[in-house]
Amino acid sequence: MGSLTQRDELEASAMADDGWSSEAIIYVNGIRRVLPDGLAHLTLLQYLREINLTGTKLGCGEGGCGACTVMVSDYDRSARKSVHYAVNACLAPLYSVEGMHIITVEGLGSCQSGLHPVQEALAQAHGSQCGFCTPGFVMSMYALLRSNKVPPSEEQIEECLSGNLCRCTGYRPIIDAFRVFAKTDNSMYTKSYPTNGEFICPSSGKPCSCGEGKVHNSESSACSSTCGEYRPVSYNEIDGSLYKEKELIFPPELVLRNNLPLKLHGFGGIRWYRPLKLKHLLDLKLLYPSAKLVVGNTEVGIEINFKNAQYPVLISVSHVPELNVLSIKENGLEIGSSVRLSRLQEVLKDVIAEREIHETSSCRAISDQLKWFAGKQVKNVASVGGNICTASPISDLNPLWMAARADFHIVDSKGNIRTVHAKDFFLGYRKVDLAQGEILHSIFLPWSRHFEFVKEFKQSHRREDDIALVNAGMRVYLEEVGSNWQVSDVSIIYGGVAAVSLIAAKTENFLIGKTWDKNLLQSALKILKDNVPLGGDAPGGMVEFRKSLILSFFFKFFLWVTQQMNTNGFLKESMDGTHLSAIQPYSRPCSSASQSYEITSVGTAVGLPVVHQSAKLQVSGRAEYTDDTATPPNTLHAAFVLSKKAHARILSIDDTLARASPGFAGLFLAKDVPGSNKIGPVVHDEEVFASEKVTCVGQVIGIVVADTHGNAKAASKKVEIEYEELPPILSIRDAIKNESFFPNSKKCLVKGDVEWCFQSGLCDKVIEGEVQVGGQEHFYLEPNCSLIWPVDGGSEVHMISSTQAPQKHVATVARVLGLPFSKVVCKTKRIGGGFGGKETRSAFIAAAACVPSYLLNRPVKITLDRDVDMMITGQRHSFLGKYKVGFTNAGKILALDLELYNNAGNSLDLSAAVLERAMFHSDNVYDIPHIRVSGQVCYTNYPSNTAFRGFGGPQGMIITENWIQHVAMELQRSPEEIREINFHPEGHILHYGQQVQNSTLNLVWDELKAACDFPKVREVVNQFNLHSRWRKRGVAMIPTKFGISFTTKFMNQAGALVHVYTDGTVLVTHGGVEMGQGLHTKIAQVAATSFNIPLSSVFISETSTDKVPNSSPTAASASSDMYGAAVLDACEQIKARMKPIADRNQHSSFSQLALSCHLERVDLSAHGFYITPDIGFDWKVGKGIPFSYHTYGAAFAEVEIDTLTGDFYTRTANIVMDLGNSLNPAIDIGQIEGAFVQGLGWAALEELKWGDADHKWIRTGNLFTSGPGTYKIPSLNDIPLNFHVSLLKGVPNSKAIHSSKAVGEPPFFLASVVLFAIKDAIIAARAEEGCHDWFPLDNPATPERIRMACIDDFTRHFAGSDFHPKISI
């Protein structure tokens, strides 16, 4: 205490007479708020949600998803204007926005007062499905409009959305919605509302000049066939003129108010300082040498949230003028260490435009690297100095500072400044040349010289907003010596290959004084391959790939410099034209799209492309999710105690430290469970709390409850567990080797006689092979959440849960508590995405939380952090398929013998059913006379895998399409030919005994083939590949057939409750859950059409087990079919009761009829019920009719790959689907696009990495990819450049309601067409090297797999032609 008192005295002395304040003022949506001292531990997001502004969502907590985006307005005193920018509220410290105006989605507009044009546009364009990400997109776009003096370009719009993720829509409707604000379409502005002759700008709601001038022809400005369909958006459907009065201006108080230095505190002794002078900052740093300096908190925030870092002193340096200098000098650019990256980007853009081109080579390299650095929200707050001093080995900028001859200016506590070359600043892993009390003051970037060339390089899993796998900064300075150009100076710096940004010193030394020619290139590559050491178990893995990138980057640099010199005629030696493809810069044009469908309307609503019923609530942030629900008084918050071992005995559990933790209210273990500790959706083979053994990392051992979420998390980490480790099973191959299978899980389907066919001589060729299919994380934007409370002293339990299966929650909680089902109620209003991940795996979360709630008789809320959610809730099953195929020389498949294995994890869950569906779909759309499909479910020591969109079907079909391509390569024919030859005909008997009826396979295939003009595209791609050595294009067409029904018969039932009120409105409750798929909207359309009333007269209530009991999960794509039919049944019952009254008298309206019926004592409420007819399957004989019908589709894709890096993009995707007569074509199109982009992630982007034998750099059994920082779902930049979706016309389906077809899962598999197009491009690349043999390409086809399959002289140094990158399956 003595030293602390002494430090306080020194601090008081240092701060004397400088007006340090402990009062923080912010404005939120125009309302002044004084922040009390003591909140330094809070983020802006936590504060906003505490004051009930719940439109801002917690999606990931690490600034990686954009769901928490808000707009911050600050007053720039030097420029004398307010500035507006988007930030991630989950990372922004609350006190960092002191003196600023925060605008959340609620501050823009609402359904009651009128929506803002941005909100209205998104809702009307069907750009909101589950809605959880929607407020973030709205705020990103709004911030762009507020920050731009002129309407933004389409490129700016797409860039501003780069930090926002969506898992539902596929992004296309979001882009289309916001495109109306781009300057390419001025109709939005010229048709704004005039006031006294002035126009009101839709981006600001204020009079401006953007409405002046000529109205553009909407057709001529349309950029795709759909753009012209969009009208200028209106403010709202009530009265657009209302909105202009409500635009939130920057508060005058904040303009007039002088900033004060801040000294504030937070929970746990945290101190927060905001100095305004450099001297104050240096004094504080001297007092607190270990204090963290923060600007955007983008690194420190993650360390605190996810790495348990403790920083008792935080100093915000954002307001120190000397650190915010950005000055253009005669010899270079001076950049203050606190300068934001977005500001640096803007200045670099101006510098590049204004200065001589030879001076700005470094500036262009840094500017180009910043484009892919991070999302806009991060760049708006992250500082140059923060990125440098973090000293990350994968920093994108540090290699460039080093290469570009930058100097770092460092200031000490006395104000003395010393200069360090960037090359000398980084000393080791996260260590830099800063002595105690020193800080980075500024960076000096010198102008480039004549014949000095600087270039940036980066390769990551995902092009946009992703950390580098390998990056580089390279510079060469050439001087003319005689008739040659020699290397006078050079820098070759790599990131991602060592503990620090690595200087390739041997290569640099070799290059100095050498002539710049082809001989130099070859010699340099020989030295470089050994200059950068990477061990076999190097952190990050992918060693062979990363080594190849080292060479590829230098090769690209050499060619780029050569081309720059050649362009100006300085080099005698010309460059081979085919090599130009190696240096072709990636420049993504704005995407275009079209949607084609016919409207087959029935009555007042069915068949119409109406907007999602909750869209306006979602765009305004008013839609309520589980975590938004107001908690009852006395609510406790829960956090899990999780296993850290993959397989071990629990020897002891010590909660001593946890009990002493602030706010602790209890720890509950297996011994505390009132009822049964054994649960499971099919068999009860998993424990709520592990009792004696743990069988995976992340298994729940106990649950801690405390007064806050933060305190519960902190206490849970203090529970100490002692283990005795046991050997784990960590892959499918391990399981096969050790015969680790679930009991009775072996299944077999047989048609014909496979063995006879192979031996009969009918097969001209027989091939064998294996296919590895990677898993996939659901990455629903809303993490799992449950709020549970006891009723009547614990005799009843109610809960609100984010689940697809409320009835499973009831059954599980009732079992754990020993209560009857009738005393447990589960309600779900909506969920922020599910995709199967919340069908069964949400139940064990509620089961754990119900124990403390029941025993303490208090409400308990549990919300999983994103990393925990990803670690413990399971993923899509990985598969291993072993095939043997016999076929004729003509390409006819005669026999298939297939073994399937799926990775279930540590409990059975739904894995048997997933395997069964994979077996059902293992023929895809092909007629195979002799087929045997066997399968087994593998037990491994991972968290239990579970349902995911497609439920095993995609895995079965992708294995099929792999061997189809294998056959094609054996016969040297195109895979599309082999597919067409083997299409099953109408009436074909499938291998599980069901007859093909009403097949539209040939219709969708032929329409697709004609739409994409496949023969012509094939020829164009071949010609491109002939003339392009290092970039290759590929094309593919893929069909699909997806069976609709639960394969377990009893689940194909649905109930609904319909009430008609005397005012003519209708309330519907059914057993399905709205999770963005538009189920409630379609159900409302069915009811409205049945009663012949407007859609607005129908309201769908929350899903609740006390209204509709015993409901099946919302899954299997069957919900619209089943619940639509159940609602229709209830409506028809009510109509039958109303008919005598209606026949007796004329009624002017439905409300009048309803009132008359009520007066006649007619029951206006009915329960509807539906069972799917004529289905059933018997596994004992392996035959039956598991599906009511099949949904057919086909897709085409064209891709382009960079063979030197493995980078790729999808140039075009065309989809044709048969959905019968669509209930709502706009919603169905959205489902197709969303499924395709999610499937594209599975096929080519999203890789799960587990700590197994192939990934020893990851702790055993741990999931490395446990957040958006390491696990990359598709971003807006990854969608096809040209994206076209068409619904087959004139094909009603007699098997489902209103002749429609199910849509949720069938399109998912079609995205595998991207994988096979990539493989087609790789085949062209391998042909350049004389390799024409079959090769495997596992999904996801990540840059590593693409690059290493494109064998060339660079990869041969590290891997052979048969090299197979590692994958966790």
Side-chain angles (χ1 to χ4, degrees), residues 86 105 108-109 114-128 134-161 164 166 169-194 199-206 208-237 240-241 243-244 247 589-595 609 611-612 615-616 618-620 1226 1229-1230 1233 1276 1279 1283:
V105 68
L108 270 61
L115 294 178
H116 187 278
V118 172
Q119 296 169 319
E120 183 79 28
L122 193 58
Q124 293 297 338
H126 307 278
S128 180
T134 299
F137 277 96
V138 167
M139 294 312 300
S140 288
M141 184 65 204
Y142 178 72
L144 175 68
L145 294 178
R146 285 294 298 267
S147 63
N148 270 34
K149 294 178 181 178
V150 296
S153 66
E154 291 184 23
E155 291 83 357
Q156 286 176 306
I157 290 173
E158 292 198 10
E159 184 184 357
C160 91
L161 302 176
N164 293 81
C166 175
T169 64
Y171 299 101
R172 191 277 309 165
I174 299 173
I175 299 171
D176 278 355
F178 293 156
R179 192 171 268 146
V180 298
F181 298 101
K183 62 186 174 188
T184 54
D185 184 357
N186 287 335
S187 61
M188 180 58 213
Y189 296 86
T190 56
K191 295 183 183 179
S192 294
Y193 301 93
F199 282 86
I200 303 301
C201 176
S203 68
S204 67
K206 294 188 168 301
C208 72
S209 60
C210 70
E212 296 173 3
K214 205 171 177 182
V215 178
H216 282 233
N217 183 304
S218 62
E219 291 182 9
S220 64
S221 65
C223 58
S224 76
S225 61
T226 55
C227 290
E229 297 174 13
Y230 289 104
R231 307 186 307 273
V233 296
S234 60
Y235 289 117
N236 62 74
E237 62 186 13
S241 63
Y243 188 75
K244 69 178 186 292
E247 184 69 45
C590 292
S591 56
S592 66
S594 67
Q595 304 83 45
V611 169
H612 194 292
K616 292 192 175 186
Q618 289 166 191
V619 298
S620 61
I1229 290 282
E1233 292 170 334
L1276 184 145
I1279 69 172
F1283 199 4

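For this chain, numbers begin at 1 and follow the sequence in order.
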What pair of heavy atoms forms the shortest contact from [X] to [Y], and how long is it?
| X | Y | result |
| --- | --- | --- |
| Cys590 | Glu154 | SG-CB, 3.3 Å |
| Ala177 | Val180 | O-CG2, 3.2 Å |
| Gln618 | Thr134 | O-CG2, 3.8 Å |
| Tyr171 | Asn164 | CE2-O, 3.9 Å |
| Cys166 | Phe137 | CB-CE1, 3.8 Å |
| Ala1226 | Pro609 | CB-CB, 3.6 Å |

Nearest 0.5 Å, what's the [atom1]-[atom2] distance between [X] and [Y]?
| X | Y | atom1 | atom2 | result |
| --- | --- | --- | --- | --- |
| Gln119 | Tyr142 | CD | OH | 9.5 Å |
| Phe181 | Leu144 | CZ | CG | 10.5 Å |
| Ile157 | Met141 | CD1 | CE | 4.0 Å |
| Ser592 | Phe1283 | OG | CZ | 11.5 Å |

Using side chain to side chain contact (heavy atoms under 4.5 Å, CB included), reason through Ser153 and Glu159 one step at a time and then give a plain yes or no. CA-CA 10 Å; Ser153 66; Glu159 184 184 357; over 6 Å; no
Give me the one residue out of Ile175, Ile174, Asp176 that meets side chain to side chain contact (heavy atoms under 4.5 Å, CB included) with Arg172. Asp176
Close side-chain approach of Gln595 and Pro173, heavy atoms under 4.5 Å: no
Ser620 versus Leu108: any side-chain heavy-atom pair under 4.5 Å? no
